[in-house]
Novice: 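Structure in structure tokens, see below.
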Amino acid sequence: MNVARKQAGLPGRRGGFVLVAALGALAVIMTAAFMAAGSSQMTFSMTVERQRDRRAADHVQSAASILPRMLAAPGVASSVRTVMLLQGDSADPASVTLSATLGLPADGATLAPALQPLEGDELAVVEVRRADGAGPARKSTFLVNSRGLRSSPILVREERL
Amino acid sequence: MTAVSTLLFGLVLGAFLSTNREANEASLSQGMRQEALLAAQRLEKAIRFRVPAGVIATAVSAAPGLPAADVRIAREPEKFSADELVLATVQPAESEEGKAELRAVATSIKNLGGVGDVASHAYIQTRDLSGSSAISRRDLAAHSDRYQTSVSFRYATQATVEGANWTGNSNEVPVLVEYTIRVWPNRPQFRNFDDARDPATGRRLGFEYISAVRIP
């Protein structure tokens, strides 16, 4: 073995040092590679979650656009009622469950100081959840007017549950 | 024996170096993608809270002690241009007594920097119209130390199933806002999105995200 080392020009002690240094370098690079790969994987998972959340926001906006059609007719007393808009497939992770609660009171204190209350104002809460029950839900509160005094629903509050 | 060990070591080292480079590129690419999505999320949130300008103006005009300039901003706050979007919005907040309240806010989204050595960052600025006129500003994205960002807009005043006619500036409230968010590494040699290229391959390093959102 010593003869082989001498033939290769590597004295025993120097050869050992080279071996340890090489293994050390490999370990450092391997650690860096694993860390970068792990970071990439984590960022990807967060990106997927962010996209899901944006899709949930899209669902809420779609539901908001049909809220005016679900209001009580002018002159008819409005009552608090919850309407299931969409019941998703619980086996599908991309599927959502969407519900809206209408007829909640919108008093001046709720809207102050930015908005003035109008006759016929009420609040509608739209909630979207993943149909399989996993992940956060999104709950948005809209100001709507059953007398048609507001041109479109106004988003006044948004929460992630 | 030594030759085989050296060859083996070289192969393993090459594989790790290659893996490390690929993983770093993937991480950078994913990071920029996430940064763009976060910026898009914040931008769309601002748009979702839009209210027609006249609705706020009534309340703001009635607010005692409000400077005339703010009343004017509340009445004519909205601007739809290629490099800036200004909207009248409401913002859930807490009063000094800890009660939930709704504040009228002029929200502006535009770019800062990008000239000389100053890094480019898209930011969102809100100006309180409910009386205090407080201004707050924050980056649209989260990691301004790592990435530069820019935002630009196009608008469609009419949209049909066949499509929409997009314009860079709109004098009336559009139906749709198309936004382009560009993210690229925050390095001094990359002055803008087009400059951000891999020196070895010439491949573009930045990430571009385009989407459109309906104006409420």
Side-chain angles (χ1 to χ4, degrees), chain A residues 1 4-5 7-10 15 18-19 22-23 25-48 50-51 53-54 57-58 60-62 64-65 109-116 118 140-143 150-159, chain B residues 1-3 5-6 9 12-13 15-38 40-41 44-45 48-52 54-56 58-60 62-63 89-93 95 99-105 129-131 211 213-216:
Chain A
M1 194 67 180
R5 276 192 193 123
Q7 281 173 348
L10 289 173
V18 168
L19 184 64
L23 287 174
L26 274 184
V28 168
I29 293 166
M30 187 177 73
T31 307
F34 276 118
M35 279 174 66
S39 159
S40 181
Q41 173 64 31
M42 195 180 74
T43 313
F44 175 74
S45 306
M46 288 170 71
T47 304
V48 169
R50 199 171 294 288
Q51 280 177 318
D53 190 50
R54 288 191 61 213
D58 286 343
V60 171
Q61 287 304 109
S62 301
S65 66
T110 315
L111 309 180
L115 302 172
Q116 284 183 334
L118 300 174
S140 300
T141 307
F142 291 89
L143 175 66
R150 298 196 186 274
S151 56
S152 60
I154 295 173
L155 179 63
V156 294
R157 205 160 291 276
E158 202 173 54
E159 294 167 74
Chain B
M1 181 68 181
T2 308
S5 302
T6 307
F9 175 76
V12 174
L13 183 66
F16 277 143
L17 283 174
S18 176
T19 306
N20 191 36
R21 190 172 54 248
E22 294 291 329
N24 277 331
E25 277 183 19
S27 185
L28 177 71
S29 151
Q30 287 298 325
M32 288 192 294
R33 186 169 173 231
Q34 200 197 357
E35 195 80 344
L37 282 173
L38 177 67
Q41 203 170 25
E44 288 192 8
K45 183 176 181 180
R48 282 199 299 275
F49 275 99
R50 176 187 177 266
V51 292
V55 174
I56 285 184
T58 312
V60 171
T89 61
V90 289
Q91 195 175 61
S95 68
K99 290 180 181 171
E101 63 176 21
L102 212 54
R103 293 201 162 270
V105 164
L129 299 173
S130 300
S211 186
V213 61
R214 193 170 61 84
I215 289 268

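Each chain gets a letter, A, B and so on, in the order the sequences are listed, and its residues count up from 1. The figures that follow rest on heavy atoms only: side chains count, while hydrogens, waters and symmetry mates do not. Small disclaimer: the values here were computed from a predicted structure and weren't measured.
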Novice: For F49(B) and L155(A), which heavy atoms make the closest approach, and how far apart are they?
Specialist: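 So the minimum-distance heavy-atom pair works out to CD2-O, 3.3 Å.
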Novice: Taking every heavy-atom pair that is under 4.5 Å apart, which of E101(B), Q41(B), E44(B), E22(B) has the most such pairs with chain A?
Specialist: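 Ranked by heavy-atom pairs under 4.5 Å with chain A, first place is Q41(B).
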Novice: Report the option among K99(B), R33(B), R21(B) that has the most heavy-atom pairs separated by less than 4.5 Å from atoms of chain A.
Specialist: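 Of K99(B), R33(B), R21(B), R33(B) has the most heavy-atom pairs under 4.5 Å with chain A.
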Novice: Is S151(A) in contact with chain B via its backbone, its side chain, both, or neither, using a 4.5 Å heavy-atom distance?
Specialist: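 The side chain, not the backbone.
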Novice: Mind checking what makes salt bridge (Lys or Arg N to Asp or Glu O under 4.0 Å) contact with E159(A), not counting sequence neighbours?
Specialist: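 Not a single residue meets the salt bridge (Lys or Arg N to Asp or Glu O under 4.0 Å) criterion with E159(A).
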Novice: If you count heavy-atom pairs under 4.5 Å between each of V12(B), L38(B), V213(B) and chain A, which one has the most?
Specialist: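 Looking at each of V12(B), L38(B), V213(B) in turn, L38(B) comes out on top.
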Novice: Salt bridge (Lys or Arg N to Asp or Glu O under 4.0 Å) with E158(A): which residues, sequence neighbours excluded?
Specialist: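 So E158(A) forms a salt bridge (Lys or Arg N to Asp or Glu O under 4.0 Å) with R138(A), R48(B).
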Novice: To the nearest 0.5 angstrom, please state how far the OG atom of S27(B) sits from the CE atom of M32(B).
Specialist: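 Interatomic distance, S27(B) OG to M32(B) CE, rounded to 0.5 Å: 10.0 Å.
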Novice: Give a yes-or-no answer on whether the side chains of Q61(A) and R214(B) include a donor-acceptor pair shorter than 3.5 Å.
Specialist: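 No, no side-chain donor-acceptor pair sits under 3.5 Å.
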Novice: I'd like to verify something: which residue of L37(B), L28(B), V90(B), T89(B) has the highest number of heavy-atom pairs under 4.5 Å with chain A?
Specialist: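 Ranked by contacts with chain A, first place is L37(B).
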Novice: Find the one option among A26(B), A93(B), P216(B) whose heavy-atom pairs under 4.5 Å with chain A are most numerous.
Specialist: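 With the most close heavy-atom pairs to chain A, the winner is A26(B).
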